[in-house]
Amino acid sequence: MKPSITAAVIASCLFIGLPTTTVADSEDVVVENAWARASIGVNRPGAAYMTIRNNGTDSATLVGLETPLSMMPDIHETKTDANGVSSMAPAGDIMIPPGESVSLEPGGLHAMLMRPQIKMVEGETFPLTLNFADGGTLTVDVPILGISARGPEG
């Protein structure tokens with residue numbers, strides 16, 4: 001029986017000293033509908049998508065990502081110009097006002113998983129840690145859907 005990504009990722013976390021379970025300093029920030037697509041291999045970047053909701057009374061600023069699945073996780077944004085040409089670039093810090101949410105979705109903001117270390121296999125999960133400006137973190141297990149998935153609902 002082949003070990004799952006989850007087991008390999010947790011072992012990697014322990015080996016390189018990354019936290020395997022962390023929570024934000026408060027429960028004000030929640031992640032909903034996290035998902036990623038399966039990959040063919042490790043030679044192309046992957047991406048993860050989710051909605052980040054701020055139920056608190058203060059703004060929350062997402063400043064970075066960590067996952068043992070990728071050596072260079074980052075928030076990127078895809079934009080399409082008036083000529084229909086799309087480009088992608090790092091988005092920088094993402095501020096989420098109180099009572100609002102930010103969607104990371106195909107064709108917009110997304111968690112870019114550059115230099116993947118493990119093939120993303122349908123049916124498995126991997127941990128993704130969101131780092132906030134106030135020092136808080138939130139780790140979510142991201143389910144890996146089929147290679148042509150368009151979202152968690154189908």
- Task: Can you sort out the partners of Ala133 under side-chain contact (heavy atoms from CB on, under 4.5 Å), two or more places apart, ordered by chain and number?
- Result: Thr61, Val63

- Counterpart residues, side-chain contact (heavy atoms from CB on, under 4.5 Å), relative to Asn83 (two or more places apart):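 So Asn83 forms a side-chain contact (heavy atoms from CB on, under 4.5 Å) with Asp81, Val85.
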
- With sequence neighbours excluded, give me every ring-ring contact (aromatic ring centres under 6.0 Å, His included) pair touching residues 80-107.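 Output for this query is empty, none listed.
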
- Item | Partners meeting side chain to side chain donor-acceptor pair (under 3.5 Å) with Thr80 (sequence neighbours left out) |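 Ser86.
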
- All side chain to side chain donor-acceptor pair (under 3.5 Å) counterparts of Asn55, not counting sequence neighbours: none

- Intermediate values then yes/no, side chain to side chain contact (heavy atoms under 4.5 Å, CB included), Leu128 and Thr139: CA-CA 5 Å; Leu128 180 67; Thr139 299; over 6 Å; no

- Residues clustering with Ile40 (ILVMFWY side chains joined when closer than 4.5 Å, directly or via others):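 Ile147, which link up through side-chain heavy atoms under 4.5 Å apart, make up the rest of the cluster.
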
- Query: In the single-linkage hydrophobic clustering (I, L, V, M, F, W, Y; side-chain heavy atoms under 4.5 Å), do Ile94 and Val30 co-cluster?
  - Reply: no

- Phe126 and Met112: same hydrophobic cluster, using ILVMFWY side-chain contacts below 4.5 Å? no

- Task: Quick one: pull up CD1 in Ile52 and CG in Leu138 and give me the separation to the nearest 0.5 Å.
- Result: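 Taking CD1 in Ile52 and CG in Leu138, the distance rounds to 8.5 Å.
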
- Taken to the nearest 0.5 Å, the spacing of Asp58 CG from Asp28 CG works out to 8.0 Å

Under a 3.5 Å distance rule, please check whether [X] uses its side chain to pair with a backbone N or O of [Y] as donor and acceptor.
X: Ser103; Y: Glu105; value: no
X: Asn131; Y: Gly135; value: no
X: Gln117; Y: Arg115; value: yes

What's the shortest heavy-atom distance between [X] and [Y], and which atoms?
X: Met95; Y: Ser59; value: SD-OG, 3.4 Å
X: Ala60; Y: Val29; value: CB-CG2, 3.8 Å
X: Asp141; Y: Pro143; value: O-CD, 3.4 Å
X: Pro152; Y: Leu145; value: CA-CD1, 3.6 Å

N/O donor-acceptor pairs under 3.5 Å from side chains in residues 31-38, not counting sequence neighbours:
from	atom 1	to	atom 2	distance (Å)
Glu32	OE1	Arg53	NE	3.2
Glu32	OE1	Arg53	NH2	2.9
Glu32	OE2	Arg53	NE	3.0
Arg37	NE	Ala149	O	2.6
Arg37	NH1	Tyr49	OH	3.3
Arg37	NH2	Ala149	O	3.1

Taking the side chain as every heavy atom from C-beta outward, state whether [X] and [Y] have any atom pair closer than 4.5 Å.
X: Leu113; Y: Leu69; result: yes
X: Val102; Y: Thr51; result: no
X: Val142; Y: Thr125; result: no

- Option passing side chain to side chain contact (heavy atoms under 4.5 Å, CB included) with Thr129 (candidates Thr67, Thr137, Val140):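 Option passing the side chain to side chain contact (heavy atoms under 4.5 Å, CB included) with Thr129: Thr137.
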
- Message: Among Arg44, Lys119, Glu122, exactly one meets side chain to side chain contact (heavy atoms under 4.5 Å, CB included) together with Ser39. Which residue is that?
- Response: Lys119

Can you give each donor-acceptor pair under 3.5 Å made by side-chain atoms of residues 70-78, sequence neighbours left out, with the distance rounded to 0.1 Å?
from	atom 1	to	atom 2	distance (Å)
Ser70	OG	Met72	N	3.2
Ser70	OG	Met114	N	3.2
Ser70	OG	Met114	O	2.5

